[in-house]
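Below you'll find the structure, written out as structure tokens, and then a few comments.
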Number of protein chains: 4
Amino acid sequence: MFELDVRSRKPIYEQLTDKVKELIMHGILRADEQLPSVRALSSQLTVNPNTIQKAYRELEREGYIYSLQGKGNFVAALQQGQSESKRAELKEELLRLMAEAVYLGFTETEISSLYRQALDMRREESSHD
Amino acid sequence: MFELDVRSRKPIYEQLTDKVKELIMHGILRADEQLPSVRALSSQLTVNPNTIQKAYRELEREGYIYSLQGKGNFVAALQQGQSESKRAELKEELLRLMAEAVYLGFTETEISSLYRQALDMRREESSHD
Amino acid sequence: MFELDVRSRKPIYEQLTDKVKELIMHGILRADEQLPSVRALSSQLTVNPNTIQKAYRELEREGYIYSLQGKGNFVAALQQGQSESKRAELKEELLRLMAEAVYLGFTETEISSLYRQALDMRREESSHD
Amino acid sequence: MFELDVRSRKPIYEQLTDKVKELIMHGILRADEQLPSVRALSSQLTVNPNTIQKAYRELEREGYIYSLQGKGNFVAALQQGQSESKRAELKEELLRLMAEAVYLGFTETEISSLYRQALDMRREESSHD
DNA sequence: GTGGTCTAGACCACA
DNA sequence: GTGGTCTAGACCACG
């Protein structure tokens, strides 16, 4: 489920947070679903437990998951205010990439096609119940 | 022309490379145009010359600029093979962001609008001759 | 293991990268083997850590080594696509030197003998397990 | 006759010396033949005269050319002792490259073929009288 | 412990 | 004048 590239320049804990966010966004991880325990994930990925811990704490800070003492970590439902600020952030980043896209000659059609591709992927994955 | 955020997590030299790339992509910096000298930029931004140097060498490695012995650093023209691999990279990154966009409820219209906005920005800036 | 000529025109960091490449090519350094830490090599060679760092990053860029976060630098296995372009480069350089060799009266036999010498060196060194 | 790459990392004066040596070695420039004047070459290549001057002085130092006051620069004949030390230098460099060749999987046949290629090139060029 | 970034300031090579 | 290299030494991020 989680694939890490230990040789990457991106810190392992960040690869983990990004991956979890992605799984949530694609609808693969649902609200209130339990995440693997720190120890389980640590031994499965052969990664230092502190690193897993750091990733989970970061996800909690950003509001993607919540932790119940002694029970584990669970996926949080998307909240309103959160959603707004995330939209604004994403918009900025998208605009930056669009500028690159224009520079490299992408057409509007190509961009739209990418959007639909993402849409389809979400539909498929959400249906795997 | 260059603004830095010294408190950012992103290294200064990386902020610089990103900024220069952006300026090139927006057509503000033209092919064969001379960049500020290492020393000039260093004193202007009150940043160590080594840091500027590092940014310039990184940009050279990536093919965005070239350096002439004892003359300075200059904007490189976009090359063919390079362009292809950059397009592929960008496509992947765009797809990743599109998935987020879908998750946060962006519509295809909003995405298209962002693309056109980027297009307009390039047009405007390129016309400042 | 590493010998530097501080009086050479060739920059120290380049002497280092060349030496490491040579050790890898001769099979003395094996894939996934750990290189001396930046600090260790720095004090051993009485060379500034930054210089070692620069050499290691250059080697990473060229695909000869990889760096693991907080663990150290390791020898990378030779990759396919990389190998092709390196072969082409080497071929050009060899052709240039062959022209010199012809000018200076080297015979085909002498050239072949040099090739076998290199072959033998690699065999010997690789067997030191 | 001389092609320079001003964007190269190799200093222009060094590109010049290498090119002249190559022309001599390939038999295109013959002993006692006159080289272009500093001024002529300077304006032809749009390169600073000092740079040409530096290249010629370097070639003279290494024994490839000699200069006659007020007459110009001329190709020197290859001398005995010189030839010996150059052979030794070249042998070392060839051995280094052969090690790379072995590493990248070149066969003895390929190497021999490169040698013959160089031999043929010299034959052809020498015949253009 | 590891590598990565940055500053301050010196010296050299090139054009 | 330009960029390129190097040292000395500090601080941070990662695991």
Listed once per pair and sorted, the salt bridge (Lys or Arg N to Asp or Glu O under 4.0 Å) pairs that draw on [range], sequence neighbours left out:
range	result
residues 75-91 of chain C	C/Arg87-D/Glu110
residues 44-54 of chain C	none
residues 60-71 of chain A	A/Lys21-A/Glu62, A/Glu58-A/Arg61

I want to confirm an ordering. Mapping C/Val47 and B/Gln34 to their closest nucleotides on DNA chain F, which one lands closer to the 5' end?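 The answer here is B/Gln34.
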Contacts of [X] that satisfy side-chain contact (heavy atoms from CB on, under 4.5 Å) - sequence neighbours left out:
X	answer
D/Gln44	D/Leu41
C/Thr51	C/Ile12, C/Tyr13, C/Val47, C/Asn48
B/Thr46	none
D/Arg57	D/Gln53

Q. Does the side chain of C/Ser67 get closer than 4.0 angstrom to OP1 or OP2 of E/dG3 through an N or O atom?
A.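 Looking at the OP1 and OP2 atoms of E/dG3, neither is under 4.0 Å from any side-chain N or O of C/Ser67.
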Should C/Gln53 be listed as having a side-chain N or O under 4.0 Å from OP1 or OP2 of E/dG3?
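Looking at the OP1 and OP2 atoms of E/dG3, neither is under 4.0 Å from any side-chain N or O of C/Gln53.
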Would you kindly give the [atom1]-to-[atom2] distance between [X] and [N], to the nearest whole Å?
X	N	atom1	atom2	value
B/Leu59	F/dG4	CG	P	12 Å
B/Tyr66	F/dT2	OH	C1'	15 Å
A/Arg57	F/dC14	CZ	P	13 Å
B/Arg7	F/dC12	CZ	C1'	17 Å
A/Leu16	F/dC14	CG	C1'	13 Å
C/Tyr56	E/dT5	OH	P	17 Å
C/Leu4	F/dT5	CG	P	16 Å
B/Ile65	F/dG3	CD1	P	10 Å

Letter by letter from the 5' end, nucleotides 9-15 of chain E scores (B base, S sugar-phosphate only, - none; protein heavy atoms under 4.0 Å) B----BS
Review point. Are side-chain heavy atoms of B/Pro36 and B/Tyr56 found at a separation under 4.5 Å?
Key: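 They are in contact (side-chain heavy atoms under 4.5 Å apart), so the answer is yes.
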C/Gln34 side-chain N/O to C/Asn73 backbone N/O, donor-acceptor pair under 3.5 Å
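Not a single qualifying donor-acceptor pair exists.
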For DNA chain F, which ranges pair as stems of 3 or more consecutive Watson-Crick or G-U pairs, with both donor-acceptor distances under 3.5 Å?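 Correct response: E:1-14 with F:1-14.
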